[in-house]
S.K.: 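One structure, as structure tokens, below. Some questions next.
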Number of protein chains: 2
Amino acid sequence: MADKSNTQEKIIESATVLFLEKGFHRTSVRDIASRAKINISLMNYYFRSKEILFETIIDLLIGGAVSSLKEILDSDLDLNEKIRQYINKYIDLLISNPLLVSFVLAILNHSPDKISKLKVTDSLYNTEKFANQLDEENSKGNIRKVDPEQFYLNMLSLIAFPFAVKHVINEKNNFSNEAFNDFIIKRKDIIYNTLISSIKP
Amino acid sequence: MADKSNTQEKIIESATVLFLEKGFHRTSVRDIASRAKINISLMNYYFRSKEILFETIIDLLIGGAVSSLKEILDSDLDLNEKIRQYINKYIDLLISNPLLVSFVLAILNHSPDKISKLKVTDSLYNTEKFANQLDEENSKGNIRKVDPEQFYLNMLSLIAFPFAVKHVINEKNNFSNEAFNDFIIKRKDIIYNTLISSIKP
DNA sequence: GTCTATACGGCGATAGAC
DNA sequence: GTCTATCGCCGTATAGAC
């Protein structure tokens, strides 16, 4: 049994640093092994493949954040307040993990069959309660009629896409990482106002 | 000399099919060579690398579409009409090349240093005239004050992001490719209305 | 110029000895 | 649990035939 989970931890620690630094494709299992000072094949012993190791790390990184996003969506909050909180929490999550969007998109692109297995994409499903709430608010005359699926996609697009093109934004505007974060934080209000004004009766 | 450009064309034809079918990472140069019935090293002879071949194909696929997008943005059209045309043309382009967004994001993620060399990303730069137009319309009192950079990013996000998560959307809603296209075409109006209502005074 | 054959170093993964 | 050895791929480079 020896060090039990110590080796596993070393792999995760090293892999996390490298994945965050260079992304999935540019990090090799040999890189990970040499940084963790372990034998290459131990990576395959503890995790069955590089991809599973990667997904494990993603899930660890974002922790309960994704499920708390789902909680907001499923809560009984007032519609406006729900949208506000959802945007804020999502953007905070992505600011803490700026490569998350690219990672998830890379996986979706690389192995589309694994979509439903990814915990990260959980938040994209089960938007039923939110959809019902939009329908109800409309029938009360509080908001315009909207396709909930389209509205939710609008919200997601406005929140997530900028992180997918972070490099382009930074290069175009000569942004540092800090300047990018400032730019993104300003988006909290912008996205909220954009979404709300689009459903105002 | 033989068939002159015939070999080159065969490579491009085969590679296009495979890239569109399986994406960049899952297509090997050996796949391409065997499908084109040519020697592996000819790929390196005509194109210097797999990546350059890929970029060449992307540029061929989207042809003048990207530059015509830039033309719209730089035109003297009325703001509303400009936004409308830009959305419509962009979405038509992406419907014709549904993998384009994923491809570009994959390249951005894989080799961020090549951003400015990609012709496809040209459309993301030089939005100066559009920015000025937004400022002018605001000073005339026709629209609310907006950060042009944020507004343009909103537009781009709403247009492009859905294509990056096409697989998820299709799986969630049990969409066929046709149903996805219908869903996207409906977005032309939705995106227009969302953007316009966000700047209405 | 065009093409073939072949080889190089690196990759992710695995079988099997200890 | 750990390590060595090795497998079958990959993208790329090059020597040399036509």
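Labels below follow one simple rule: chain letters A, B, ... track the order of the sequence lines, proteins then strands, and each chain is numbered from 1.
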S.K.: What distance separates A/Lys82 NZ from A/Ile87 CD1, expressed to the nearest 0.5 Å?
M.R.: 13.0 Å
S.K.: Determine the contact category for A/Ile40: base if any of its heavy atoms lies under 4.0 Å from a base atom, sugar-phosphate if only primed atoms, P, OP1 or OP2 are that close, otherwise nothing.
M.R.: nothing
S.K.: If only atom types and distance count, is the side chain of A/Asn138 paired as donor or acceptor with the main-chain N or O of A/Leu134 below 3.5 Å?
M.R.: no
S.K.: Between A/Tyr45 (OH) and C/dA17 (C1'), how many Å, whole number?
M.R.: 15 Å
S.K.: NA contact type, A/Ser28, heavy-atom cut-off 4.0 Å: base, sugar-phosphate, or nothing?
M.R.: sugar-phosphate
S.K.: If only side-chain N and O atoms of A/Thr7 are considered, is one of them under 4.0 Å from the OP1 or OP2 phosphate oxygen of D/dT2?
M.R.: yes
S.K.: For A/Leu42 and C/dT14, what is the distance between atoms CG and C1' respectively, to the nearest whole Å?
M.R.: 13 Å
S.K.: Tell me the interatomic distance from B/Arg26, atom CZ, to D/dC10, atom P, rounded to whole angstroms.
M.R.: 13 Å
S.K.: Return the nearest nucleotide to the side chain of A/Arg30; candidates are D/dT2, C/dC11, D/dG11.
M.R.: C/dC11
S.K.: Test side-chain hydrogen bond (donor to acceptor under 3.5 Å, both in side chains) on A/Tyr192 and A/Tyr86 and set out the steps.
M.R.: CA-CA 10 Å; A/Tyr192 176 78; A/Tyr86 191 79; over 6 Å; no
S.K.: Does this structure show an ion pair linking B/Asp182 with B/Arg187, if we count only N-O contacts that are shorter than 4.0 Å?
M.R.: no
S.K.: B/Asn6 CG to C/dG1 P: how many Å, rounded?
M.R.: 19 Å
S.K.: Any base atoms under 4.0 Å from B/Ser41, or only sugar-phosphate, or nothing? Heavy atoms, all strands.
M.R.: base
S.K.: Starting at CD1 of A/Ile52 and ending at P of C/dG12, how long is that distance when rounded to a whole Å?
M.R.: 14 Å
S.K.: State whether A/Tyr46 places a side-chain N or O below 4.0 Å from either non-bridging phosphate oxygen (OP1 or OP2) of D/dT2.
M.R.: yes
S.K.: What is the separation between atom NZ on B/Lys37 and atom C1' on C/dC3, rounded to the nearest whole Å?
M.R.: 18 Å
S.K.: What is the separation between atom CE on B/Met43 and atom C1' on D/dT12, rounded to the nearest whole Å?
M.R.: 9 Å
S.K.: Does a side-chain N or O of B/Asn44 approach OP1 or OP2 of D/dG11 to a distance below 4.0 Å, or not?
M.R.: no
S.K.: Whole angstrom is fine here: how far is it from CZ in B/Phe54 over to C1' in D/dG11?
M.R.: 16 Å
S.K.: Please figure out whether A/Asn39 or A/Asp31 has its closest DNA chain C nucleotide nearer the 5' end.
M.R.: A/Asp31
S.K.: Between B/Lys172 and A/Glu149, is there a side-chain N and carboxylate O pair less than 4.0 Å apart?
M.R.: yes
